[in-house]
Student: 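Please see the structure below; I have some questions.
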Amino acid sequence: MTETKIGAKIIDGKGFAAKLRARVTTETARLKTDHGIVPGLAAVLVGKDLASQVYVRNKNKQTVDAGMNSLGETLPVDTSGKDLLAEIDKLNTDPAVHGILVQLPLPDQIDPHAVIDAINPAKDVDGFHLRNVGLLATRRGGMVPCTPLGCLMMLEDRLGDLTGLNAVIVGRSNIVGKPMAQLLLSANCTVTIAHSRTADLPAICQSADILVAAVGRPQMIKGDWIKPGATVIDVGINRVPAAEEGKTRLVGDVAFDEAIDIAGAITPVPGGVGPMTIACLLRNTLIAACQQNDIDVPDI
Ligand code: NDP
């Protein structure tokens with residue numbers, strides 16, 4: 001296949017995210033000028049997990065670049081659940097904090113559900129609180145989880161109206177798979193959720209006009225599992241050994257080199273879903289800041 005044809009098939013998440021961040025930056029500046037409000041996003045990290053540190057550092061930089069305040073703390077790895085809840089309580093009542101993100105996974109001594117339940121739902125910019133989960137499931141608004149929201153935006157940008165399309169989501173996590181299913185259902189897709197106990201996964205995948213892979217297994221989804229022309233969104237981020245001795249590289253859950261010949265369009269890893277997640281986090285923080293101050297939410 002020629003370079004141009006390949007380029008046309010790749011969904012440029014990095015470029016899409018840059019455009020979304022630019023819109024968020026413009027609206028953030030407007031909020032400051034018109035109302036004197038600077039959105040504040042607090043990230044709480046417990047311990048020193050390397051991948052989490054990288055994510056939080058990226059997020060901090062992009063928050064500041066968008067004109068927002070980047071707040072929050074890194075707590076020691078042996079922090080108790082009680083102490084973390086006290087920190088959340090402090091952020092819940094701090095008027096300078098409009099969005100709270102608790103970086104997952106948390107160390108074993110902390111119950112993640114108790115922590116998520118403790119976040120003020122209005123500040124839950126990750127959309128994981130039970131209230132926001134319920135609002136999404138009943139199509140009543142609320143904060144939408146960032147990764148699936150970014151996937152939906154890219155799908156609608158590529159395909160327009162999704163009505164009637166068969167969507168298969170591989171993965172049923174609370175963070176990606178399930179909210180992705182809710183969003184695609186609301187967009188009038190016919191939705192199938194597959195998981196580790198699904199029988200004949202290749203055949204299920206072959207029925208998909210839209211295939212979302214959120215598994216966490218490197219290149220598990222093969223080219224011949226993909227329906228010709230399907231739109232493939234690869235959420236997976238897996239680190240594998242690179243050709244060069246001692247080095248690693250990132251790959252998705254889809255065998256990209258096989259899929260590119262068959263899919264109609266596909267997100268690359270890296271440069272696909274990942275950048276959209278942080279862009280959507282900034283979008284949600286801006287919306288949260290508007291809502292908490294009874295200001296009309298911009299259309300972004
Ligand atoms: P989880 O581990 O929480 O969920 C994985 C899901 O995949 C589970 O539902 C599991 O099924 C399913 N699964 C595992 N093995 C198989 C298999 N052999 N066949 C079919 N299904 C299988 O992961 P997350 O949802 O949190 O993340 C998924 C991937 O997305 C990871 O690579 C993660 O790093 C990445 N990610 C990327 C983000 C981004 O911004 N790009 C953000 C969040 C995640 P079961 O329920 O039966 O166990």
Side-chain angles (χ1 to χ4, degrees), residues 1-22 51 54-55 57-59 61-62 145-160 162 165 167-171 173 175-177 179-180 183-184 194 201-202 205-206 208-244 247-283:
M1 189 172 296
T2 64
E3 284 286 319
T4 336
K5 274 191 183 162
I6 289 177
K9 282 187 165 205
I10 292 179
I11 300 173
D12 177 15
K14 206 171 160 188
F16 199 97
K19 284 185 204 149
L20 177 56
R21 286 201 311 273
V54 172
Y55 176 73
R57 210 180 305 134
N58 267 336
K59 183 212 62 65
K61 183 182 178 310
Q62 292 184 28
C146 303
T147 300
L149 177 61
C151 296
L152 181 74
M153 284 180 178
M154 288 190 286
L155 282 167
E156 288 185 329
D157 181 66
R158 189 79 184 193
L159 299 172
L162 307 183
L165 296 177
V168 172
I169 299 147
V170 190
S173 71
I175 293 172
V176 188
M180 186 77 251
L183 288 173
L184 290 171
L201 186 59
C205 291
Q206 279 155 3
D209 303 307
I210 293 171
L211 180 61
V212 181
V215 184
R217 293 189 185 270
Q219 300 171 316
M220 185 189 89
I221 293 178
K222 306 299 175 203
D224 60 4
W225 297 18
I226 294 167
K227 179 176 172 177
T231 305
V232 179
I233 304 288
D234 192 350
V235 181
I237 302 176
N238 309 287
R239 196 164 280 284
V240 298
E244 199 181 332
K247 299 258 171 165
T248 59
R249 66 188 178 105
L250 292 181
V251 296
D253 291 339
V254 179
F256 183 88
D257 292 346
E258 296 173 17
I260 190 79
D261 287 330
I262 298 157
I266 182 167
T267 57
V269 177
V273 175
M276 282 302 286
T277 297
I278 297 185
C280 287
L281 184 68
L282 300 178
R283 171 196 177 272

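Atom set for the values below is all heavy atoms of this structure, side chains included, hydrogens, waters and symmetry mates excluded. Position 1 is the first residue of the sequence; numbering continues from there.
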Student: If you round to the nearest 0.5 Å, how far is CG of L184 from CG of L165?
Tutor: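 Reported to 0.5 Å precision, the distance equals 9.5 Å.
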
Student: Please report the shortest heavy-atom distance between A279 and R21, naming the atom on each side.
Tutor: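 Closest pair (atom of A279, atom of R21, distance): CB-CG, 3.8 Å.
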
Student: About how many Å separate OG1 of T231 and CD1 of I11, when rounded to the nearest 0.5 Å?
Tutor: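 Nearest 0.5 Å value for the CD1-OG1 distance: 6.0 Å.
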
Student: Measuring from I237:CD1 to T147:OG1, what's the distance to the nearest 0.5 Å?
Tutor: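 Here the rounded value is 8.0 Å.
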
Student: With a 3.5 Å cut-off and sequence neighbours excluded, list the donor-acceptor pairs that the side chains of residues 254-276 form with protein atoms.
Tutor:
from: E258; atom 1: OE1; to: G223; atom 2: N; distance (Å): 2.8
from: T267; atom 1: OG1; to: D234; atom 2: N; distance (Å): 2.8

Student: Could you report the tightest heavy-atom contact between R239 and T248, atom names first, then the distance?
Tutor: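 Where R239 meets T248 most closely, the heavy atoms are NH1-OG1, 2.9 Å.
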
Student: What are the two closest non-hydrogen atoms of D253 and V215, and how far apart are they?
Tutor: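 The answer is OD2-N, 2.6 Å.
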
Student: Could you pull out the closest heavy-atom pair between G15 and D12, with the gap in Å?
Tutor: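 Shortest heavy-atom separation between G15 and D12 comes out as N-OD1, 2.9 Å.
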
Student: How close do N238 and G252 get, counting heavy atoms only, and between which atoms?
Tutor: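 Closest approach of N238 to G252: ND2-O, 3.1 Å.
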
Student: Is there a side-chain contact between P202 and D224 (heavy atoms, below 4.5 Å)?
Tutor: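 No, their side chains stay 4.5 Å or more apart.
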
Student: Under the rule for salt bridge (Lys or Arg N to Asp or Glu O under 4.0 Å), what residues qualify as partners of K227, not counting sequence neighbours?
Tutor: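 Per chain and number, K227 pairs via salt bridge (Lys or Arg N to Asp or Glu O under 4.0 Å) with D209.
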
Student: According to salt bridge (Lys or Arg N to Asp or Glu O under 4.0 Å), who are the partners of K222, at least two apart in sequence or on a separate chain?
Tutor: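 Here no residue qualifies.
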
Student: Rounded to the nearest 0.5 Å, what separation is found between the CG atom of N58 and the CD1 atom of I278?
Tutor: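 Answer rounded to 0.5 Å: 5.0 Å.
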
Student: Do the side chains of F16 and R158 get nearer than 4.5 Å, heavy atoms only?
Tutor: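 No, too far: nothing below the 4.5 Å cut-off.
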
Student: Please round to the nearest 0.5 Å and tell me the distance separating atom CE of M153 and atom CZ of R283.
Tutor: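 Going from the CE atom of M153 to the CZ atom of R283 covers 4.5 Å.
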
Student: Measuring from atom CG of L282 to atom OG1 of T277, what distance do you get when rounded to the nearest 0.5 angstrom?
Tutor: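 So the CG of L282 and the OG1 of T277 are separated by 11.0 Å.
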
Student: Ignoring hydrogens, what is the shortest heavy-atom contact between I226 and A230? Give both atom names and the distance.
Tutor: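 That would be CG2-CB, 4.1 Å.
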
